[in-house]
Amino acid sequence: MKLAHVFENNETWIASKLELNPNYFSDLSKGQNPDILYIGCSDSRVSAEELMGLQPGEVFVHRNIANMVVNIDLNCMSVINYAVNHLKVKHVVVCGHYFCGGVKAAMQAKDLGILNPWLRNIRDVYRTHKVELNAIEDENQKYNRLVELNVEEQCINLIKTADVQKAYKERGIKIHGWVFDIHSGKLIDLHLNVDQIMHEIMEIYDLG
Ligand code: CO
């Protein structure tokens with residue numbers, strides 16, 4: 001890919017937006033009011049806005065390897081703080097994807113250098129659900145199930161934050177766990193029982 005194409009694409013994109021609305025960019029520059037915070041994987045195949053068919057201004061996005069919500073990750077915690085408390089998003093989505101390289105790497109019990117502390121969080125998910133995962137014989141099925149369980153655990157990590165707990169109590173913010181199936185392009189809602197999870201989490205992590 002020639003990088004010059006990127007700038008040509010940009011010119012084409014500007015023209016297409018202005019054709020539909022001559023004030024498109026001046027409207028966009030007035031501010032943002034997205035309803036959704038999306039936390040997804042950095043994987044180049046999982047383009048947040050494109051797979052949801054959303055436009056600039058509609059979704060606040062945070063991406064990292066394997067869509068993790070790590071309690072001591074100031075980057076992710078700042079994104080949550082800003083999106084929940086200031087932008088007042090109505091929905092927070094954790095979106096994983098099948099065939100995630102980060103999850104695959106975590107399934108290998110070996111030293112992966114600087115990645116170890118990050119993958120450790122996913123390996124902890126494996127350990128927490130070891131009985132269920134080890135009962136799955138097919139490696140791909142096990143891998144896909146770990147992707148789903150990881151999404152669920154990252155939703156739980158979201159629910160452990162004071163910002164999300166307060167927004168849930170005060171204005172009923174919604175948390176969603178989704179998986180993007182790269183094979184079909186489908187977005188799958190895991191239909192997590194967030195009310196039940198919130199209730200259980202509050203027994204120990206009540207910060208709201
Ligand atoms: Co991934």
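We count ligands from 1, going down the list as the structure has it; atoms in each ligand are counted the same way. Numbering starts at 1 and runs along the sequence shown.
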Could you list the residues that satisfy side chain to side chain donor-acceptor pair (under 3.5 Å) with N10, not counting sequence neighbours? none
Connected to L74, directly or through other members, by ILVMFWY side-chain contacts below 4.5 Å are none
Would you please classify the geometry between the W13 ring and the F25 ring as parallel, tilted or perpendicular, with 30° and 60° separating the classes? perpendicular
Quick one: how many protein N/O/S atoms are under 2.8 Å away from the Co ion (ligand 1)? 3
Less than 6.0 Å separating the ring centroids of Y143 and Y98? no
Sequence-distant partners of R63, salt bridge (charged side-chain N to carboxylate O under 4.0 Å, His left out), two or more places apart: none
Sub-6.0 Å ring centroid separation between H183 and F99: yes
